[in-house]
Each structure stands twice: as structure tokens, then as C-alpha cells.
Amino acid sequence: MSDLVRYEVRDGVAVLTIDNPPVNALSPGVPEGIREGVERALTDAAARAIVIMGGGRTFIAGADIREFAKIVAGEKPRLNLYSLLEFIEDSPKPVVMAIHGTALGGGLEVAMSGHYRVAVAGAQVGQPEVKLGIIPGAAGTQRLPRLCGVVTAAEMCAFGEPIDAAEAHTAGIVDAIIDGDLRTGAVAFAQDALTRPVRKVRDREEKLGHQHLADLRFRVGKRLRGQTAPVAAIDAVEAAANLPFAAGCEFESKLFNQCLFSSQSKALIHIFFGERAVAKIPGLGKDAEILKISRAAIVGAGTMGAGIATCYLNAGIPVALQEVTPAALDAGVARIRRNYESSIQKGRMSSGEVEERLNLLRPTLSYEGFEKADIIVEAVFENLELKKKTFAHLDTLAKPEAILATNTSTLDIDSIAAATGRPEQVIGHHFFSPANVMRLLEIVRGKKTSDSVIATSMDLAKKLKKVGVLVGNCRGFVGNRMFHEYMTQAVFLVEEGAEPKFVDDVLYEWGMAMGPLAVGDLAGLDVGWRIRQEFRNLEVPGVRYPQAGDQLAEMGRYGQKTGKGWYLYDAERRATPDAEVTQIVVEVAAEHGIARRAISKEEVLERTLLALVNEGARILEEGIALRAVDIDIIYVNGYGFPAWRGGPMKWAELEGLKAVCERIRKLGWEPAPLLLTLAARDGKFDA
Ligand code: CAA
């Protein structure tokens with residue numbers, strides 16, 4: 001018998017325990033072990049019923065995602081899960097699935113092959129396959145609607161969000177919630193089940209009546225724009241209502257395979273493993289001490305400072321928040337309150353919870369509380385001299401072991417660190433606006449930053465519910481350095497004749513969360529303009545510089561906050577194109593001798609996306625990013641790059657690096673040396 005599934009008999013019930021840490025994925029040996037266990041129980045006179053459960057922290061987290069790449073590469077699937085599940089379901093002895101932790105994907109599909117499901121209150125169940133660009137591939141779309149109805153099943157399969165045990169119980173997916181020890185409860189449930197005839201889920205048709213899925217299709221089209229798997233998932237669930245079980249399974253299997261072989265699935269699986277890979281820092285000593293962060297202090301209560309404070313408060317960490325004037329401090333506190341009010345309105349938090357969090361906030365005009373902080377985050381204006389002065393001051397206030405973090409988005413961490421007597425304690429914590437919403441935290445290591453400060457920052461990112469990505473120090477680090485190239489092309493395209501809305505629409509339709517010019521308006525055109533002023537001395541003579549954005553900023557058109565930027569904004573911040581912008585751009589183009597012409601969609605995509613890729617490759621070669629996947633995770637979590645395209649580097653790989661080099665040359669640019677090297681040997685970035 002496979003050592004991945006343990007067999008024992010308790011009070012007349014065979015208990016099969018899956019033991020494949022960390023998450024009991026259905027890796028090679030697990031399905032075989034389940035089959036052997038059920039076979040043994042069927043012939044074991046001492047066992048009248050069967051319980052299947054997970055050992056360790058969870059039930060079954062689904063198929064082993066690593067196996068998919070092998071199938072796509074041409075390997076034959078090891079075994080047919082459909083027939084295993086039918087074999088379990090055909091058992092004449094009642095089968096009870098006992099769920100704790102998560103029953104996800106193939107895990108829930110296994111659970112639904114049992115005649116009953118019991119769960120502890122903290123358990124979750126779901127069909128999250130769409131998040132990997134696929135759909136359930138072991139009859140999940142056919143059994144789930146038989147338990148909870150077509151609409152609920154389609155919703156679960158299309159969005160992939162898990163539900164908790166109580167909801168699953170109400171929906172009919174789980175038959176009982178077990179208080180106390182799960183195994184004992186499940187064995188008792190199984191003994192009780194002996195008094196009833198076994199009923200197969202696949203035979204249950206009472207919830208399969210005709211259902212309207214038009215509303216769901218509409219919401220999926222909006223929220224998961226561009227993705228194919230969610231639509232396929234709805235189609236497959238809908239088929240359950242229209243086809244016999246076996247034909248429904250065949251239909252599901254066909255769609256599953258189409259999805260599995262798509263580039264969307266390759267991209268999303270890359271992102272799944274990428275999010276976990278970025279947490280692992282090569283070369284960082286395992287013994288690097290993780291410092292305890294029990295108190296934080298923040299300098300600056302502007303948009304960023306207030307957003308960062310909200311993140312700490314959400315993690316239950318008390319925050320001292322400093323500003324220079326009472327008005328600025330009040331405005332910062334009001335900002336934090338506004339963030340929470342919208343959470344209350346959306347039903348995400350109760351007013352009691354909000355008050356609890358706000359009680360952790362200590363606004364101050366005098367740096368009171370800074371001496372006790374384990375970490376101080378600086379979020380002042382983006383100006384190197386100001387930041388250096390601030391750090392020199394913080395150095396005198398902070399306790400010796402405190403971490404000093406700067407939220408700079410572009411400036412030199414080493415210069416800032418050098419303003420203190422503790423450069424090894426200084427690090428960049430680059431949050432993205434709105435800081436309490438965006439998942440990315442770029443963690444920027446300086447030359448002298450200690451391993452312990454890096455390890456603590458990575459750990460802290462998790463506590464703040466962020467995806468922390470460690471990057472090296474250079475102008476703009478990874479995210480903004482690449483974004484600069486991307487934005488530059490967007491502005492060039494506008495100067496050469498494209499309307500701002502055209503550029504934004506093309507990139508939005510391609511999958512970006514927002515077009516680059518709309519992003520500029522959201523962030524404030526003054527921000528980029530001030531940064532460019534800061535670095536004006538680094539401009540290379542003869543190299544074209546994007547003029548139009550600066551022109552708008554100089555005219556006070558800062559974007560949303562001033563009601564106009566690349567667009568005009570109404571009171572609800574809805575954007576409309578502005579003829580004045582076209583006029584300004586035409587004048588800028590004339591002044592700088594830029595010929596205006598018709599610009600195609602293809603040109604917009606080629607120039608903006610390949611600019612990202614080419615700069616990304618340079619960053620990788622310089623070691624500013626540890627791996628290509630780190631860049632992808634930064635772009636997906638901080639810049640609205642569609643996860644289903646894999647991030648800029650994976651996208652380039654899926655397009656083919658050789659072809660990408662040729663396309664870059666066609667634009668008249670030089671491909672980054674790393675791209676050329678990899679293209680020449682048909683290589684991959686993180687191979
Ligand atoms: N296959 C392979 N490895 C998996 C895995 C899976 N299904 N689920 C998790 N892992 C790995 C992770 O990569 C991670 O590995 P490392 O430690 O080497 O980085 C490790 O298990 C622990 O995972 P997490 O760090 O994510 O642990 P967590 O406790 O934060 O979360 C979880 C646990 C909620 C189960 C989360 O891992 C998760 O969501 N997993 C994916 C679940 C999923 O998508 N299942 C569907 C698979 S597709 C399918 O089942 C198709 C089908 O129809 C047959």
C-alpha cells in the first residue's frame with residue numbers, strides 16, 4: 001500500500017488518512033493510495049464504512065500543479081481521476097469525506113465522490129482552478145451543481161473563490177459541521193450513515209433545473225476581462241443541467257484540456273509558483289534573525305503615509321504617525337478614517353473593528369513614540385536632500401536596533417543610508433498607491449543592508465498582507481525603472497499623433513488594469529515631472545525626452561487631483577478626452593520637430609510592451625531583480641499587468657525570445673544583451 005495514504009480501522013470504520021505534506025496535493029502515489037485503501041476497505045470484514053481525510057494541516061489542496069507542465073510537455077496523464085472518483089462513488093459501503101483546512105480543486109472533487117461530507121467549522125472548500133487558467137478536470141463542474149445548484153456552482157467555478165464550512169453546509173455541499181475531533185466525529189457520522197441507503201452524487205438531479213447564468217456571465221466578463229477559463233467553467237457547469245453525467249464529464253474534460261494547453265494557463269501557473277518563489281532569497285542566511293516588529297512609526301501623513309499606516313493598523317501593529325502641521329496631520333488621520341469608512345460601507349469590516357484599529361493610531365506633531373518603534377517608515381516628499389535630512393534626524397530618535405525604511409520610489413537608498421550612523425539598518429519599503437489596497441511591496445536592499453533587516457522586511461510584508469519582492473538599488477528600482485520606459489513610449493506615441501484615449505484603450509483592451517496615461521493622471525503628473533526634474537542632469541544629449549507630460553504638469557494639469565491632466569475629470573472623477581490636450585501636444589510636437597501621423601493599435605502594443613521587456617532584461621542582467629519571475633510578480637501586483645499574460649518577462653517568453661529580439665530590432669532599438677544571449681541558445685529566463 002502506498003505510504004502516502006495510511007489505513008486503520010476504528011470502531012468498525014476504515015479510516016484512510018492522506019499523508020503528503022505540506023498540502024496533501026494529489027501527487028503521484030496519492031490517488032493510487034486512495035484507490036488501494038478503498039479496495040482494502042471493501043474486502044475488510046472489520047470495516048463497514050469508510051472515512052477519507054487528510055493528515056497534517058489540510059484535507060487535499062487539489063491536483064499537484066507541477067504535474068500539469070509534464071502533461072503539456074507531452075507526458076501521458078498518469079491515471080484517470082474520473083474513473084477513480086466513480087470507483088469511490090460506487091462503493092457499497094458508505095464513504096464519508098472528513099474535511100479540515102482546505103478541500104480545493106481536485107480535493108473538492110475527491111470529496112464530492114463520497115456519499116457524505118463533514119467538515120470542521122474552520123474548513124474551506126472551492127474550485128479555484130480558474131486562477132490557474134484551467135477548469136475543474138475531475139467532474140467538479142458536474143458533481144458540484146448536483147449538490148448546490150447550477151448558479152452557486154457556476155459562481156464558485158467561474159470566480160474560483162473558496163467558501164467556508166458554514167456556507168458550504170447551507171449550500172448543500174457539506175452535510176454536517178463537526179465540533180471537536182474530526183476523526184471521531186466523522187467515524188460516528190459514518191456509523192450513523194449505515195442506517196441509510198448510499199446515494200451517489202452523480203445520481204442526484206433535483207437541483208439541476210434550468211438556470212439563468214446571464215448575470216454571472218456579465219460579471220465574469222467585467223471582472224475577469226480577457227480570461228478564457230472562467231467562461232469555459234460556466235459552460236461546463238451549464239452542461240450539467242443539459243447533459244447526462246457521463247456526457248457532461250466528457251464536455252468538461254474537453255474544455256479542461258483546451259484550457260490546460262493555453263498560454264493563459266502557463267502564465268497563471270507561472271504566477272502561482274512565482275508568488276511563492278519570490279519569498280525565497282538565494283544567498284540569504286537561514287540564520288538571519290527576524291526582528292520582532294511590535295510598534296511602528298511613520299513620518300509623513302500624506303497619501304502614502306496614511307495608506308502605509310492603514311496597512312500596519314490592519315496587521316494590529318500600533319503606529320505613531322507624524323506630520324509637521326496640525327492641518328496636515330488632521331488631513332492624514334481623516335484619510336485613514338475614509339479608507340476605513342469605505343470598508344464599513346462595503347461590509348468588509350464592522351465599525352467596532354474599525355474603532356479597534358484606530359485605537360492603535362497615535363498622531364503626533366512631535367515624533368512622540370518614535371523612540372519605542374521597531375521600525376520607522378519615512379514617507380515624505382520625493383526629494384533626496386529632504387530624505388537625507390529626515391534620516392539623519394530619525395537616526396538620533398530611533399532606538400539602536402530599529403529599522404529605518406524609506407518609501408522612496410526612485411531615489412538612491414545608499415545615499416539615504418549614508419545620512420545615518422546605521423546604514424545596515426536602512427532599507428527601502430516601496431509601497432504602491434493606494435498602499436492599503438495594492439498588494440506589492442518592493443523591498444530595496446542597499447549596499448550595507450543587513451541580512452536580518454532583509455529577512456525581517458520579507459516576513460513583515462507577509463504580516464502586512466503584501467507580496468514582498470526583494471530588489472536592488474538603482475534609479476526607480478525594478479518597477480518604476482521599467483515603467484519609465486513604458487510611459488515614455490506612451491507619451492512619444494501621443495506626441496507622434498495618437499490620442500491619449502487611443503493609447504490607453506489599446507492597452508486596457510490588451511488586459512492592463514488601466515492605460516498608462518490614465519495611471520499618470522491617477523498618480524499625479526506632478527510626481528513624475530518632479531522626479532524627472534531631479535534627474536534632469538542625467539539626461540543624455542541627443543536622446544529624445546518625453547515632453548508632453550512635463551508640459552501638462554507645468555500648466556498645472558496634475559491629473560485627477562486638479563480635475564485635468566491627460567483627461568478632463570468631473571466631480572466623480574470620470575475621465576473624458578480634452579481637445580485642449582490635443583492642441584497642447586500638437587504644439588509640443590511642432591516645437592520639437594516631431595512629425596504627426598496615424599498610429600496603429602499594433603504599434604502601441606509593440607512599443608510599450610517591448611520597452612518593458614527590454615528594460616526588464618537589462619535589470620535582470622544587472623542583478624537588480626533576482627529572477628525574471630520577480631519582475632513578473634512586481635508587474636502583476638503593482639502595475640496592473642494581467643496575471644493571465646504572466647507578467648512582462650513570461651509574456652516575452654511565451655511570444656518567443658527570438659521573435660521578441662527581432663521585433664525590438666524592427667522598432668529600431670537594440671535588444672538587451674541578455675535577450676540576445678537567450679534567444680541565440682533558445683533559452684529561458686529562469687531556466
Ligand atoms: N500542487 C503543488 N504544490 C502545491 C499545491 C498544489 N495543488 N498547493 C500548494 N502547493 C505548494 C506550494 O507551492 C508551496 O510550496 P513551497 O513551500 O515549495 O513554496 C507549499 O505547497 C505550501 O503552499 P502555500 O505556501 O500556498 O501554503 P498556504 O498554507 O499559504 O496555502 C493553499 C495553502 C490554500 C492550499 C494554497 O497553497 C493554494 O491555494 N494551493 C493551490 C490550490 C489549487 O489551486 N488547487 C487546484 C489545483 S488544480 C486541480 O485540482 C485541477 C483538477 O480539477 C484536478
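For reference, positions follow the sequence shown, starting with 1. In each ligand, atom 1 is the first atom listed, and ligand 1 is the first ligand listed. All values below come from the heavy atoms of this structure, side chains included, with hydrogens, waters and symmetry mates left out. It should be emphasised that the depicted structure is a prediction, and the values quoted were computed from it without experimental measurement.
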Inset, instruction - Nearest heavy atom to atom 1 (N) of ligand 1 wins, so pick from Asn24, Ile65, Val110. - result: Ile65
Inset, instruction - Would you tell me which option among Ala63, Ala25, Ala103, Ser27 has the nearest heavy-atom contact to atom 7 (N) of ligand 1? - result: Ala63
Only heavy atoms of [X], strictly under 4.0 Å: list the atoms of ligand 1 that pass.
X	value
Phe68	48 (S), 51 (C)
Gly105	46 (C), 50 (O)
Pro128	43 (C), 44 (O), 45 (N)
Gly62	50 (O)
Gly137	52 (C), 53 (O)
Glu109	52 (C), 53 (O), 54 (C)
Pro136	53 (O)
Phe273	13 (O)

Looking at [atom], what's its closest protein heavy atom, distance included?
atom	result
atom 14 (C) of ligand 1	Arg276 CD, 4.2 Å
atom 3 (N) of ligand 1	Arg66 NH1, 3.3 Å
atom 2 (C) of ligand 1	Asp64 OD1, 3.3 Å
atom 16 (P) of ligand 1	Lys280 NZ, 3.4 Å
atom 8 (N) of ligand 1	Val23 CG2, 3.5 Å
atom 50 (O) of ligand 1	Gly106 N, 2.7 Å
atom 34 (C) of ligand 1	Leu104 CD1, 4.0 Å
atom 30 (O) of ligand 1	Arg57 NH2, 4.7 Å

For [Y], is there any backbone N or O sitting under 3.5 Å from a side-chain donor or acceptor partner on [X]?
X	Y	value
Asp64	Pro28	no
Glu252	Ala139	yes
Asp451	Leu284	no
His100	Ala123	no
Ser265	Gly133	no
Lys684	Leu657	no
Gln127	Thr141	no
Arg225	Met512	yes

Legend entry - Over 12 non-hydrogen atoms of neighbours within 6.0 angstrom of CZ in Arg223: no
Legend entry - Asp630/Arg627 ion pair, N-O < 4.0 Å: yes
Legend entry - Salt-bridge contact Arg146-Glu89 (side-chain N to carboxylate O under 4.0 Å): no
Inset, instruction - Find out whether Cys157 and Leu144 are in side-chain contact, i.e. whether some heavy atom of one side chain is under 4.5 Å from a heavy atom of the other. - result: yes
Legend entry - 4.0 Å protein heavy-atom contact status of atom 53 (O) of ligand 1, strictly under: yes
Inset, instruction - Answer yes if a protein heavy atom lies under 4.0 Å from atom 41 (C) of ligand 1, otherwise answer no. - result: yes
Inset, instruction - Could you tell me whether Ala61 and ligand 1 have an N or O pair separated by under 3.5 Å? - result: yes
Legend entry - Side chain, backbone, both or neither: Leu132 near ligand 1, heavy atoms under 4.0 Å: side chain
Inset, instruction - Classify the angle between the aromatic ring planes of His429 and Phe431 as parallel (below 30°), tilted (30 to 60°) or perpendicular (above 60°). - result: perpendicular
